[in-house]
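Quick notes on the structure that follows.
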Amino acid sequence: MENGFNSSKPSGLRPPQTRLPQLSSSTTTGLHEISESQSNTRMGPSANATSGVKRGLPPPGTDPAPSASGDGFSPGRLSAYRSRLLTSIAFAVMQPEPKRKTLVEKASEFPGGARSQIAAPTPARSFVKGSALKDIQNPNNKNNAWDVDERLGTFESEFKAMKDIINHSIIGQKTLEEDVATFRLKATELESLKTDLESKKTEMQSELDKAERRIFTLERDLEDEKRARRNDAEDLLREHRNDIDNRIRDFNREKDDLERESRKRLQALREELAADFARQLSEAHKVSEDLEKLLDEEKQSARLRVEESGKDLEAQLIQFEVTKKELERAKVIQDDMNAQLCRKEARITELENQVSAGQTALIHLKGDEQKQLENFRLMAAEKKAAQDEALAAKREAQETKAKLRVEETRRRKLFEQLQTMKGNIRVMCRIRPGRNETECAQIATEVGDYDDHIGKMTLMVPTRNYLQQEVLEPKPYDFERVFIPDEGNKKVFDEISQLVQSALDGQKVCIFCYGQTGSGKTYTMSSGQDSIIPSATSMIYQATEELKDAGWQYKMTGSFTEVYNEKLFDLLGSDGTRNQVELRQDPASKKFYVTSQETDLDSPDAVQTMLETAMKNRTAAATKMNRESSRSHSVFTLKLTGTNADGTVSEGVLNLIDLAGSERVKESQVEGDNFKEATSINKSLSTLSQVMTALADNASHIPYRNSTLTRMLESCLGGSCKTLMFVMISPLRDDIKETVSSLDFATTVSKAKPGQQGTLKAIKTGRSGTVKKTVR
Ligand SMILES: Nc1ncnc2c1ncn2[C@@H]1O[C@H](COP(=O)(O)OP(=O)(O)OP(=O)(O)O)[C@@H](O)[C@H]1O
């Protein structure tokens with residue numbers, strides 16, 4: 001081609017095709033088509049030339065807008081270059097015939113040129129219509145040769161510029177492709193990072209659950225241990241004290257008895273012995289005196305007989321013999337007396353032995369006393385050891401208390417995190433028991449394998465099909481928890497007790513009971529010792545006692561307010577009656593508060609009395625207005641102010657709200673005052689729903705001011721405040737419309753913003769539901 005151009009153009013310009021191998025295939029195709037047009041124009045003017053050009057270039061007038069990429073190259077500009085190029089080629093066509101042939105031949109040497117031959121090349125007639133071409137065709141125009149050179153020069157520089165632009169664009173495209181590849185790589189990395197983060201999040205969640213369980217177990221163990229130790233120490237001390245007292249008492253009693261007994265016995269023995277001895281001695285003396293007297297008399301008479309007569313020797317000898325016999329008899333008597341005396345002496349020795357045995361016994365008893373004293377000393381030592389042990393236990397208890405304080409702070413933090421994860425707006429459903437199976441609607445509840453809790457339910461709603469036959473259509477609902485009829489108030493309170501704990505920890509909590517008349521709102525909230533209000537207050541009392549160990553002192557006050565027809569009444573008025581009160585605005589915080597009386601609740605009895613007064617006043621007001629069902633909302637507000645030893649103050653509020661029956665005005669077909677009541681109830685309930693929805697959506701405007709109830713509760717709704725809505729439903733078929741309406745209301749409330757409720761939803765979706773029970 002270069003040769004062709006050289007031979008036809010003395011200007012020495014090189015044709016653009018010589019650099020084509022450097023370009024991409026798409027670009028070369030474009031340039032081949034330019035060559036084809038060049039060859040076409042050399043073959044002579046033809047009407048088809050235009051179409052030949054159009055194959056490779058955009059049609060005139062359809063030039064696209066300049067490239068937005070900012071690389072300076074655009075299809076519009078390319079088209080302009082091509083047009084100029086073709087115009088230049090048209091000049092070449094004006095050269096003598098043999099030269100044109102050479103150009104065609106050269107053009108056909110390139111792939112595009114070969115194709116152009118096969119595809120019946122057309123002359124670029126459209127371009128020769130231009131004024132410049134006319135000038136070229138005019139043989140009289142002497143300036144043509146110079147113009148061609150100049151134009152070819154321009155063409156070459158423009159062509160060069162164009163090629164640079166194309167090259168630049170190719171490089172740009174490659175860079176872009178590389179960027180795309182890099183971004184894809186990054187996207188894959190980010191994807192895997194996201195998966196990792198999600199799995200970490202799940203792990204952390206389970207760790208948190210474990211930690212909570214561990215804290216719960218630790219707390220319980222700690223408490224049990226503490227209680228057991230305290231009881232053991234007290235029992236031990238009491239036992240020891242009693243034991244020692246009893247032993248001392250027994251010992252003294254025994255000692256006294258023994259002393260008395262031994263004294264008595266000794267005295268008796270002494271007396272007996274002395275009497276016996278004296279008696280025997282006097283007898284012996286008497287016998288001896290008698291014998292001596294008799295012997296003296298016989299001696300005297302014998303002396304007299306020997307002296308007076310001496311005559312009858314034989315008689316005297318016989319007398320002597322008699323006297324001798326008498327003497328012998330007296331001697332026997334004396335021996336007998338001596339034997340008796342010996343016996344008596346032996347008896348005295350025996351008695352003396354007995355006395356000495358008694359004395360030994362007494363000494364022994366005294367020895368026992370020593371032993372008892374020793375025992376007493378031992379017991380005293382044991383008592384001291386027990387006291388030491390008690391002191392050690394006390395020290396340990398104090399250390400445990402200190403640990404408990406730290407654990408309590410940690411627990412509060414973890415508990416708060418857990419509650420936040422559960423979401424600030426939560427919804428649970430409770431199904432009241434039905435009277436009998438035939439009157440009940442079909443409600444299927446599902447239990448998940450996450451835990452025993454039921455969270456999903458399906459209500460079979462009667463509808464008409466296209467044949468106007470009544471069919472049951474399943475309507476699924478999904479709440480955090482569904483309480484089936486056989487689950488009592490205790491189960492309900494167990495589930496929500498964490499929110500009561502949150503109030504103790506300084507949070508603001510609202511628990512609502514919503515539902516149609518007779519669905520069990522009052523039953524759940526305040527009737528019976530196991531309903532929410534008494535259970536919550538008794539839990540608070542117990543917890544505040546236990547928290548004393550962790551350094552917390554709590555004060556609890558309560559108020560009971562009724563909202564009826566948008567007016568407020570204090571159910572615990574100063575004179576024990578129901579008084580109208582007002583809503584005031586705090587100038588500093590701009591929040592509303594009610595001027596109801598606040599009662600100090602320093603004992604469970606005080607709570608009971610307060611509840612009774614409130615219920616009595618509420619019922620009296622209802623009776624006065626001839627109402628059977630509650631047409632007012634009642635709000636029980638517990639304020640819990642805790643002060644820690646380190647000066648920390650915690651101010652929690654627990655609002656327990658029994659809402660008025662949610663019957664729709666249309667359904668209940670009420671008129672007059674009742675219509676006003678129903679309208680006001682509907683207004684406040686729908687405002688409550690709007691407030692909850694706005695809070696859930698994180699809306700900039702929350703319509704608190706649209707009803708008295710929401711205005712009153714403004715400071716306890718939204719932000720970090722915790723709200724639990726209990727939707728109470730009746731299982732009766734006759735109540736199905738109200739049930740659907742209540743459940744739909746609750747579903748609206750349960751739709752919370754993802755940031756708040758994300759974790760809860762994740763927990764909930766972790767449950768794979770299986771139908772467990774059908775409520776009858
Ligand atoms: N879960 C339950 N178990 C046993 N009995 C229940 C239950 N729920 C409600 N009841 C009984 O149903 C009746 C109506 O209950 P309750 O007064 O609590 O309804 P309510 O929704 O407060 O009605 P209202 O809006 O008129 O105040 C009561 O007799 C109550 O004892």
Side-chain angles (χ1 to χ4, degrees), residues 224-293 330-398 400:
D224 289 347
E225 184 65 24
K226 230 171 68 186
R227 212 175 296 121
R229 278 184 175 278
R230 208 186 296 132
N231 288 347
D232 284 351
E234 277 169 12
D235 285 349
L236 209 63
L237 213 60
R238 208 171 21 252
E239 233 171 66
H240 274 299
R241 215 176 285 136
N242 289 345
D243 202 10
I244 287 165
D245 289 345
N246 287 342
R247 276 167 182 235
I248 290 170
R249 246 195 318 277
D250 288 348
F251 168 73
N252 287 337
R253 205 175 33 243
E254 259 177 49
K255 194 183 117 195
D256 290 345
D257 288 349
L258 269 169
E259 276 180 348
R260 227 181 354 261
E261 181 68 27
S262 69
R263 261 200 308 272
K264 232 195 249 168
R265 279 179 68 191
L266 206 62
Q267 188 60 31
L269 264 172
R270 270 192 191 133
E271 279 167 11
E272 197 186 331
L273 277 171
D276 210 5
F277 187 67
R279 192 170 38 82
Q280 284 180 11
L281 206 62
S282 77
E283 271 176 14
H285 274 297
K286 209 172 158 195
V287 170
S288 166
E289 270 170 19
D290 285 351
L291 279 174
E292 274 173 8
K293 218 188 265 172
K331 204 168 178 218
V332 169
I333 290 170
Q334 195 174 3
D335 284 348
D336 193 36
M337 287 295 289
N338 280 340
Q340 267 191 34
L341 193 66
C342 283
R343 274 205 304 278
K344 291 289 173 193
E345 275 173 355
R347 175 76 183 135
I348 284 169
T349 316
E350 194 190 328
L351 283 172
E352 274 174 352
N353 285 345
Q354 277 183 9
V355 168
S356 80
Q359 280 171 340
T360 316
L362 196 64
I363 290 162
H364 187 70
L365 278 174
K366 283 191 175 167
D368 264 7
E369 193 178 337
Q370 286 297 319
K371 218 163 154 189
Q372 292 288 343
L373 279 170
E374 187 58 35
N375 277 349
F376 186 72
R377 264 196 294 279
L378 274 173
M379 280 191 288
E382 269 178 34
K383 184 182 165 190
K384 172 108 181 45
Q387 276 172 340
D388 287 347
E389 212 176 300
L391 267 174
K394 202 173 162 189
R395 251 197 313 278
E396 205 175 311
Q398 273 166 353
T400 313

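The side-chain hydrogen bond (donor to acceptor under 3.5 Å, both in side chains) check on Arg238 picks up Asp235, with sequence neighbours excluded. With sequence neighbours excluded, the residues forming a side-chain contact (heavy atoms from CB on, under 4.5 Å) with Asp243 are Arg247, listed by chain and number. With sequence neighbours excluded, the residues that form a salt bridge (charged side-chain N to carboxylate O under 4.0 Å, His left out) with Glu374 are Arg377. Checked against side-chain contact (heavy atoms from CB on, under 4.5 Å), Ile244 has the following partners two or more places apart in sequence or in another chain: Ile248, Phe376, Met379, Lys383. Taking the side-chain hydrogen bond (donor to acceptor under 3.5 Å, both in side chains) definition, one finds that Asn231 meets it with nothing, sequence neighbours left out. A search for side-chain contact (heavy atoms from CB on, under 4.5 Å) contacts involving Asp257 returns Arg253, Arg260, not counting sequence neighbours.
Interatomic distance, Lys384 NZ to Leu391 CG, rounded to the nearest 0.5 Å: 8.0 Å. Here the CD atom belonging to Glu254 is positioned 12.0 Å from the CD atom belonging to Glu259, to the nearest 0.5 angstrom.
Taking the charged nitrogens against the carboxylate oxygens, Arg229 and Asp232 have no contact shorter than 4.0 Å, which rules out a salt bridge.
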